[in-house]
Amino acid sequence: MTKKQEELAALLQSGCVIPVLTIERLADAVPLARALVAGGVRVLEVTLRTLVALPAAKAIIADVPEAVVGIGTILNADDLARAEDIDARFGISPGATPELLKAAAASSLPFAPGIATASELMQAMAHGFHLTKFFPAEQSGGIKALRGLAGPFPDARFCPTGGIGEANAAAWLAEPNVVAVGGSWLCPAADIRSGNWADITAMCERAMKSLKPA
Ligand code: 3PG
């Protein structure tokens with residue numbers, strides 16, 4: 001793995017569970033991040049799926065220094081540049097295009113492209129990305145598919161995301177080539193909408209207690 005990818009692997013591993021955040025209202029960003037951090041969840045992926053995503057990530061970076069903020073749903077080189085501009089700590093994509101892989105390889109931002117097949121993984125590895133997001137993890141064959149990839153690609157490491165929740169996160173994390181799991185289950189849209197920060201913190205505490213090695 002490249003140094004940049006080693007760094008990202010260590011960062012994601014330290015998080016263990018990476019919440020995938022979709023923030024609709026800017027005012028929710030900081031209280032949401034504080035609720036996650038209070039529950040022991042520090043490594044956060046703010047997805048570029050809403051108009052306020054970048055200002056939301058900026059606000060968290062400025063006001064919640066304990067949080068390690070990455071940008072998700074990076075779809076192209078412009079998104080990657082936007083993540084770099086706000087000093088995000090890492091970038092994650094659900095997939096990869098030749099354009100994005102080239103830009104990410106040239107960038108200093110630690111980055112994980114998304115893959116779901118052997119050929120996609122080979123393309124990512126050809127650009128230096130041995131750590132990828134396996135997406136959508138459950139829908140693409142689940143743990144059996146990941147084990148299938150481990151044979152020909154023993155050096156590959158993964159952050160599986162998609163369909164992962166409280167019930168199956170431990171099984172994914174037990175796989176030797178999994179550094180962390182991602183998912184939206186720790187920050188349900190309804191809880192964010194109603195400002196139910198206490199429940200989000202409680203859910204994070206529960207997840208960390210059962211999933212993160214002491
Ligand atoms: C992602 O972008 O990583 C997924 O939307 C998260 O998948 P989940 O909602 O099934 O956790």
Side-chain angles (χ1 to χ4, degrees), residues 8-9 11-13 15-24 28-29 32-33 35-36 39 41-54 56-57 60 67-76 79-80 82-83 88-97 100 104 109-117 120-121 124 129 131-146 149 157-173 175 178-193 196 199-200 203-204 206-208 210-212:
L8 180 57
L11 204 70
L12 298 183
Q13 206 152 14
C16 177
V17 174
I18 318 299
V20 173
L21 309 181
T22 301
I23 301 173
E24 304 280 355
D28 292 335
L32 172 60
L36 293 161
V41 172
R42 292 178 52 239
V43 183
L44 318 180
E45 176 187 335
V46 178
T47 62
L48 293 181
R49 292 181 201 175
T50 61
L51 285 175
V52 302
L54 280 171
I60 298 171
V68 177
V69 180
I71 296 294
T73 319
I74 289 181
L75 302 183
N76 50 49
D79 289 344
L80 191 81
R82 280 191 269 272
R89 295 281 298 279
F90 61 93
I92 297 194
S93 178
T97 62
L100 178 57
L109 186 75
F111 177 76
I115 70 98
T117 66
E120 290 164 5
L121 180 57
F129 297 102
L131 169 61
T132 60
K133 164 169 167 159
F134 179 46
F135 178 79
E138 282 290 333
Q139 298 87 334
S140 304
I143 289 176
K144 277 189 183 164
L146 193 80
L149 291 171
R157 295 290 173 271
F158 302 95
C159 177
T161 309
I164 299 181
E166 202 165 341
N168 57 358
W172 280 99
L173 285 166
E175 293 298 305
V178 167
V179 299
V181 295
S184 60
W185 89 95
L186 290 174
C187 39
D191 284 334
I192 299 178
R193 218 170 290 128
N196 194 0
D199 273 13
I200 290 179
M203 207 160 23
C204 291
R206 204 168 58 231
M208 285 295 112
S210 69
L211 299 174
K212 194 168 176 182

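Predicted model only: the values in this text are computed from it and were never measured. In what follows, residues are counted from 1 in the order of the sequence shown. Counting convention: from 1, in listed order, for ligands and their atoms alike.
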Under 4.0 Å from ligand 1, counting heavy atoms only: the protein residues, by chain and number: V20, R49, K133, F135, T161, G162, G163, G183, S184
Between F129 and F111, ring centroids under 6.0 Å: yes
With E166 via side-chain hydrogen bond (donor to acceptor under 3.5 Å, both in side chains) - residues at least two apart: R206
Sequence-distant partners of A137, side chain to side chain contact (heavy atoms under 4.5 Å, CB included), two or more places apart: F134, P160, I164, W172
Taking every non-hydrogen atom, the tightest pair across G91 and I74: CA-CD1, 3.7 Å
Side chain to side chain contact (heavy atoms under 4.5 Å, CB included) involving E175 - partner list, sequence neighbours excluded: I143, L146, R147, N177, V178
Taking every non-hydrogen atom, the tightest pair across A33 and I60: CB-CG2, 3.5 Å
